[in-house]
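Encoded as structure tokens, the structure appears first; notes follow it.
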Amino acid sequence: MILKQTAEYALRAMIVLAQQEPGRCISAAELSARTNIPASYLSKIMRRLVLASLVRSRRGHGGGFRLARAAADVSFLEVMQAVDYGAEPNRCAFGVGACNPEQPCPLHDQYTELTASFESWARRTTLDES
């Protein structure tokens with residue numbers, strides 16, 4: 001399954017933050033360089049992660065970003081939800097509008113299983129597992 005770019009970028013940023021010493025901030029410029037995410041795009045992602053209480057930010061000398069909780073307490077699903085990964089939960093895989101289990105498309109069963117498996121994996125996988 002391919003992630004939307006924003007979700008992939010959010011996971012990249014969070015993994016780098018998880019690899020820092022506890023409490024150590026990393027600057028936006030360093031985070032951008034280490035994740036290969038354009039600074040302007042990263043800024044928008046980090047704002048969403050701060051609003052979701054997954055990241056703390058601090059301005060000024062020695063400032064930057066750090067995890068708001070221990071890496072073991074942050075699931076991949078939480079990160080992806082913070083950047084609206086699940087914005088289309090009822091989207092039909094066959095492109096016929098909303099998913100309708102009463103009139104399933106030819107991919108309904110397989111897509112439902114794939115989505116459930118992916119979300120289960122993302123729910124149980126945490127940042128400390130990278």
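The basis for the numbers below is simple: all heavy atoms, side chains too, and nothing from hydrogens, waters or symmetry mates. What you see is a predicted model; the values in this text were computed from it and never measured.
- In this structure T125 satisfies the side-chain hydrogen bond (donor to acceptor under 3.5 Å, both in side chains) test together with W121, sequence neighbours excluded.
- Enclosure of atom CD in Q110 by more than 12 non-hydrogen atoms of other residues, nucleotides or ligands within 6.0 angstrom is indicated.
- Every side-chain hydrogen bond (donor to acceptor under 3.5 Å, both in side chains) that R24 has, sequence neighbours left out, goes to Q20.
- In this structure, OG1 in T35 is found 12.5 Å from CE in M14, a value given to the nearest 0.5 Å.
- Applying the salt bridge (Lys or Arg N to Asp or Glu O under 4.0 Å) rule to pairs touching residues 13-22 yields nothing, sequence neighbours excluded.
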Start with the C-alpha gap between R12 and N36, add the side-chain angles, then the distance that decides, and say whether side-chain contact (heavy atoms from CB on, under 4.5 Å) holds.
CA-CA 9 Å; R12 281 190 210 174; N36 198 29; 4.1 Å; yes
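- Among residues two or more places apart in sequence or in another chain, the side-chain contact (heavy atoms from CB on, under 4.5 Å) test is passed with A33 by none.
- Two residues are said to be in side-chain contact when any heavy atoms from C-beta on lie closer than 4.5 Å; L11 and E8 fail this criterion.
- Every residue two or more places apart in sequence or in another chain that forms a side-chain contact (heavy atoms from CB on, under 4.5 Å) with S32 is listed here: A39, L42.
- Among residue pairs with one or both ends in residues 21-47, those qualifying as ring pair (Phe, Tyr, Trp, His ring centres under 6.0 Å) are Y9-Y41; sequence neighbours excluded.
- Under the side-chain hydrogen bond (donor to acceptor under 3.5 Å, both in side chains) criterion, R124 pairs with S120, not counting sequence neighbours.
- The nearest pair of heavy atoms linking L127 to A18 is CB-CB, 3.9 Å.
- Residues T126 and E129 are in side-chain contact: their nearest non-hydrogen atoms beyond the backbone lie under 4.5 Å apart.
- Nearest approach of V83 to A10, heavy atoms of both residues: CG1-CB, 3.9 Å.
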Hey, can you pull the donor-acceptor pairs under 3.5 Å for the side chains in residues 53-76, sequence neighbours left out?
from: R58; atom 1: NH2; to: G62; atom 2: O; distance (Å): 3.0
from: R69; atom 1: NE; to: D73; atom 2: O; distance (Å): 3.4
from: R69; atom 1: NH2; to: D73; atom 2: O; distance (Å): 2.7
from: R69; atom 1: NH2; to: E78; atom 2: OE1; distance (Å): 2.9
from: R69; atom 1: NH2; to: E78; atom 2: OE2; distance (Å): 2.7
from: S75; atom 1: OG; to: L77; atom 2: N; distance (Å): 3.4
from: S75; atom 1: OG; to: E78; atom 2: N; distance (Å): 3.1

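- One distance of note links CZ of R34 with CG of L17; it measures 9.0 Å at 0.5 Å rounding.
- For residues 93-114, there are no salt bridge (Lys or Arg N to Asp or Glu O under 4.0 Å) pairs, not counting sequence neighbours.
- With sequence neighbours excluded, the residues forming a side-chain contact (heavy atoms from CB on, under 4.5 Å) with P104 are H108, listed by chain and number.
- Under the rule for a side-chain hydrogen bond (donor to acceptor under 3.5 Å, both in side chains), the partners of R48 that lie at least two apart in sequence or sit in another chain are D84.
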